[in-house]
Amino acid sequence: MAEGAPVIRDDKAGQESNVIFDWEVGDAAGTDRAFEQADVISRLKLHYPRSHPSPIECCGSIADFNRATSKLTVYMTTQAPHIIRAAVALVAELPEHMIRIISPDIGGGFGNKVPVYPGYVCSILASILLERPVKWIEDKSGNLISTGFARDIYLDGEMALRRDGKILGVRMRCDSDHGAFFSDAQPSKFKIGLLHSAFASYDIPVAHLTDRGTYSNKAPGGVAYRCSFRVTEAMFFQERMMQAAADDLGMDQAEFRRMNFVRDDQFPHRTPFGFLTDSGQYGKCLDVALKAVDYEGFRREQAEARARGRLLGLGISTMTEPLGAGNSREYDILGIKMFDSADLKVHMTGKAILRTGARTQGQGHETTWAQIVAHELGIPAEDIVVEEGDTDTAPFGMGTYASRSTPVAGAAVAMVSRKIRAKARQLAAHLLEVSEEDIEWELGRFYVRSAPDRGVTIQECAVAAYANMPDGMEPGLDATAYYDPPNLTWPFAVYIVTVEVDPQTGVWDVLTTVAVDDCGVRINPMIVEGQIMGGLTEAYAMANMQFITFDADGNCVGSNYMDYMLPTAWETPGFELHSEVVTPCPHHPIGAKGIGECAAVGGPAAFVNAVMDALSGTGVRNIDMPLLPDRVWEAITYRRDVSGAPPVRSDD
Ligand code: CDP
């Protein structure tokens with residue numbers, strides 16, 4: 001931000017500069033001391049460019065205010081229907097029971113459909129005033145130029161190092177561009193979201209971070225695109241910094257990371273910025289990944305290729321992501337605490353309907369939630385219908401974003417199933433004419449401990465709940481659970497990418513991408529793999545091809561998919577996924593951690609590190625994303641860093 005820049009939001013009372021907030025976290029004095037003791041100080045400046053979530057379908061709403069019933073029904077593309085209902089109730093002063101928000105299949109979310117857009121508000125207001133249905137639908141160009149964008153942050157970092165490779169401390173100075181409308185719609189109490197989850201993978205004694213958030217004349221920024229509130233920027237910075245530091249020390253990239261990892265026996269581990277990570281086997285994940293790429297073999301091949309003028313590179317990235325906001329002590333939206341919910345009704349026939357406060361947008365909750373119930377109760381998954389997204393029927397929940405569904409709503413699904421099991425046990429005791437203490441459980445069946453042949457199935461208990469309950473028992477087999485997680489879940493991953501860079505053109509091709517993700521217990525391995533592949537595709541796109549720019553007047557340049565590239569199957573490289581490391585989450589009822597965002601969060605640095613590794617020895621320290629061929633060519637040809645966003649392209 002230039003000194004004396006015009007104040008963008010002079011309409012806001014008391015806004016005398018473009019600074020929205022100036023925030024710091026960590027131990028400034030302790031970090032200064034660490035730097036005084038350092039043998040080597042490594043420095044790096046980066047820009048993480050704006051990116052666009054690009055869901056398949058854009059945003060839209062149909063509001064229908066019915067004068068006869070005074071009820072407002074809104075079909076809309078939201079990832080958080082209950083929060084929207086609360087916001088409408090507060091703003092339109094309609095009672096909550098007269099507002100029904102329905103989020104049907106919304107064509108993907110990726111964070112784009114968390115904010116409240118003006119179009120939603122206009123359609124609701126117009127419907128209330130006109131007393132007829134009013135529709136707002138965004139077109140692709142509108143979505144591409146004016147939606148909630150993500151990232152757009154400048155990162156300036158320093159790492160204090162001992163000669164043997166031990167990291168003594170880290171300093172991060174950040175400048176984040178929030179566009180003209182600061183939407184503080186993230187649930188943490190921290191001004192810059194979870195940016196300070198950086199360096200959670202490593203055992204670093206002390207760190208300090210400052211961030212200045214500013215207004216600019218761009219469309220709104222700072223939305224969490226497939227990311228837990230600035231975690232993507234945190235992990236990108238972490239892993240680019242790790243690569244630079246290892247280079248400065250002349251150390252091997254893998255060994256430098258390994259020696260600084262949090263060890264398996266150090267959990268729960270306090271990160272340098274104060275988070276408490278839960279569990280992990282970081283070294284084992286790295287071993288699996290190194291073996292998969294044949295690390296030693298690749299390094300030999302790289303040296304031989306280099307001797308013949310070919311540029312091969314290998315990039316490592318690790319990530320530890322805080323997934324599953326809340327807990328409610330520390331996370332809220334509009335003062336509403338971050339928990340989630342599940343409601344399970346088991347019918348007389350033993351078939352069931354499950355509703356949660358989350359909202360799938362293609363992540364497959366219909367499958368995975370049914371699997372959790374099946375795992376807890378033994379009711380086959382095909383006998384369970386999962387319904388989400390209708391505030392008239394679903395229990396109150398905070399919606400789906402930031403990979404919070406499995407850590408929070410998924411946990412609620414397990415807990416509600418256990419409530420049902422507890423009641424079914426009473427029914428079983430009644431049917432078997434023994435006391436509850438004499439009953440044992442195996443999946444789908446209760447039996448008498450002393451006579452295992454005498455048993456009843458969960459379905460027989462369901463019939464009894466309606467037709468043959470003991471005296472005094474409330475009929476039915478329904479329950480609701482609200483789950484307030486004790487902590488975030490902390491999945492871990494190692495991504496390794498190898499590339500070949502053409503020095504004549506700057507074009508780079510991906511040779512291998514290896515992903516080792518540890519998201520605890522996998523409910524559905526195929527869905528998990530789909531999530532990882534999607535995330536890696538987005539990571540590759542951000543590293544390789546995507547940028548969105550604004551001219552001096554704040555107009556977005558590039559309103560179509562010729563300018564903002566989405567990789568097709570043609571461009572997307574192949575991925576090799578590994579699932580052999582499973583560290584259950586100690587506080588999640590079934591040991592699962594989130595996965596949805598991990599590869600999009602940790603992936604970009606692996607691609608960039610690979611290209612930078614191919615250029616090692618040229619004196620080039622950094623090329624900012626996207627690594628377009630002309631930027632890579634410029635770096636190689638002139639042996640200089642290429643920083644900042646690509647220049648604005650416009651007709652003049
Ligand atoms: O919040 P969101 O659904 O986007 O992300 P998530 O909780 O990470 O889950 C994405 C999908 O992967 C869901 O269908 C999950 O149930 C599934 N998943 C899984 O099968 N096993 C895990 N350990 C984590 C997620």
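Note: hydrogens, waters and symmetry copies are ignored here, and every other heavy atom, side chains too, is used. Bear in mind that the values here come from a model prediction, so they are computed numbers and not experimental data. Note that ligands are numbered from 1 as they come in the structure, with each ligand's atoms numbered from 1 the same way.
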Carboxylate-amine/guanidinium proximity below 4.0 Å for [X] and [Y]:
{"X": "K337", "Y": "D332", "answer": "no"}
{"X": "R258", "Y": "D287", "answer": "yes"}
{"X": "R257", "Y": "E239", "answer": "yes"}
{"X": "R226", "Y": "E538", "answer": "yes"}
{"X": "D211", "Y": "R230", "answer": "no"}

Contact partition for E597 relative to ligand 1, non-hydrogen atoms under 4.0 Å: neither
May I ask you to identify, for R404, whether its side chain, its backbone, both or neither come under 4.0 Å of ligand 1 on a heavy-atom basis?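 The answer is the backbone of R404.
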Within 45 degrees of the axis of the six-membered ring of F237 and under 6.0 Å from its centre: does R240 put its NZ or CZ there?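 Not flagged: R240 not positioned over aromatic ring of F237.
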Check ligand 1 against A592 and write out every atom of the ligand that is under 4.0 Å from a heavy-atom position of the residue.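 Checking each atom against A592, I get 23 (N).
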Identify the protein heavy atom lying closest to [atom], giving its residue, its atom name and the separation to 0.1 Å.
{"atom": "atom 19 (C) of ligand 1", "answer": "V528 CG2, 3.4 Å"}
{"atom": "atom 16 (O) of ligand 1", "answer": "T368 OG1, 2.8 Å"}
{"atom": "atom 24 (C) of ligand 1", "answer": "K593 O, 3.2 Å"}
{"atom": "atom 11 (C) of ligand 1", "answer": "Q363 O, 3.5 Å"}
{"atom": "atom 3 (O) of ligand 1", "answer": "H365 NE2, 2.8 Å"}
{"atom": "atom 20 (O) of ligand 1", "answer": "N524 N, 2.9 Å"}

Between V521, T406, I595, I523, flag the one that comes closest to atom 23 (N) of ligand 1 by a heavy atom.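 Among V521, T406, I595, I523, the closest heavy atom to atom 23 (N) of ligand 1 belongs to V521.
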Report the relative orientation of the aromatic rings in F339 and F396; use parallel for angles under 30°, tilted for 30 to 60°, perpendicular for over 60°.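 Taking F396 first and then F339, their aromatic rings sit tilted (interplane angle of 30° to 60°).
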Heavy-atom contact check, 4.0 Å cutoff: does C519 meet ligand 1?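 Contact check C519 vs ligand 1: positive.
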